[in-house]
Amino acid sequence: MSLLTILRYPDPRLHKVAKKVSLFDARLRQLVDDMAETMYDAPGVGLAASQVDVHERIIVIDTSETRSDLRVLINPELLWTSPEKIVYDEGCLSVPGIYDGVERPARVKARAFDVAGVAFEVEADGLLAVCIQHEMDHLMGKVFVEYLSPLKRNRIKAKMLKEERELNRDKRRTG
């Protein structure tokens, strides 16, 4: 297994729409393993393939306290969302250090495939429901900051670009 590089907002590659997975093979299993290792190392509770510049409909999630309940959703689709909404302070591995409230359906039902290509359904509420929706947004080329006001979004974008410039400057000095 190996750690993958997580794209940082506002990288334009985060806005690519992911394509369906059609081949359930060793390459897919390795990618899922690498994504899980990357998510746990970051540390995060979810990661979409789009965030590691692989534009395929693949999500890994683990919202458990013990980090022992890895869920893999390939080609996920929402079947149902509740009319009730919740506001959850979301963060994102592609927008490190930024958290803000996003309103989403409180409960969802989704259909997906596992790494062997077997279909399953999952019903979720709370953090898992939020995480599924957040990661599925990535597959559609959407980052959670797009739910925020233009003012907040522009401040976040400016902060991320400044951090990126500083990181690149530091790399050149030590490189």
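Between Val145 and Lys152, every side-chain heavy-atom pair lies at or beyond the 4.5 Å cut-off. You'll find the side chain of Arg71 stays beyond 4.5 Å of the side chain of Ile132, heavy atoms only.
Heavy atoms of other residues, nucleotides or ligands lying less than 6.0 angstrom from CD of Glu166 number more than 12.
If you chain together hydrophobic residues whose side chains sit under 4.5 Å apart, Leu73 and Val130 never meet in one group. Linking Ile, Leu, Val, Met, Phe, Trp and Tyr whenever their side-chain heavy atoms come within less than 4.5 Å leaves Val17 and Met136 in two separate clusters. Both Val108 and Phe120 are assigned to one and the same hydrophobic cluster, defined by single-linkage of ILVMFWY side chains at heavy-atom distances under 4.5 Å. Under the 4.5 Å side-chain heavy-atom criterion for Ile, Leu, Val, Met, Phe, Trp and Tyr, Tyr88 and Val45 are members of distinct hydrophobic clusters.
Using a cut-off of 4.0 Å between Lys/Arg side-chain N and Asp/Glu carboxylate O, Arg153 and Glu146 are scored as not salt-bridged. A salt bridge does not link Glu123 to Arg107: none of the charged nitrogens lies less than 4.0 Å from a carboxylate oxygen.
For the residue pair Gln30 / Asp34, a side-chain donor-acceptor distance below 3.5 Å is found, with atom types taken as modelled.
The backbone N or O of Pro105 lies less than 3.5 Å from a partner atom in the side chain of Gln133, making a donor-acceptor pair.
For the salt bridge (charged side-chain N to carboxylate O under 4.0 Å, His left out) test with Glu163, the passing option among Arg169, Arg8, Lys157 is Arg8; the others fail.
For Glu56, the side chain to side chain donor-acceptor pair (under 3.5 Å) partners are Arg27, not counting sequence neighbours.
Connectivity analysis of hydrophobic side chains (ILVMFWY, heavy atoms under 4.5 Å, direct or indirect) links Met35 to Leu4, Ile6, Val21, Phe24, Leu28, Leu31, Val32, Met39, Tyr40, Leu47, Val52, Val54, Ile58, Val60, Leu70, Val72, Ile74, Leu93, Phe113, Val115.
Stacking of Lys142 on the aromatic ring of Tyr147 is recorded, both the 6.0 Å distance cut-off and the 45° axial limit being met.
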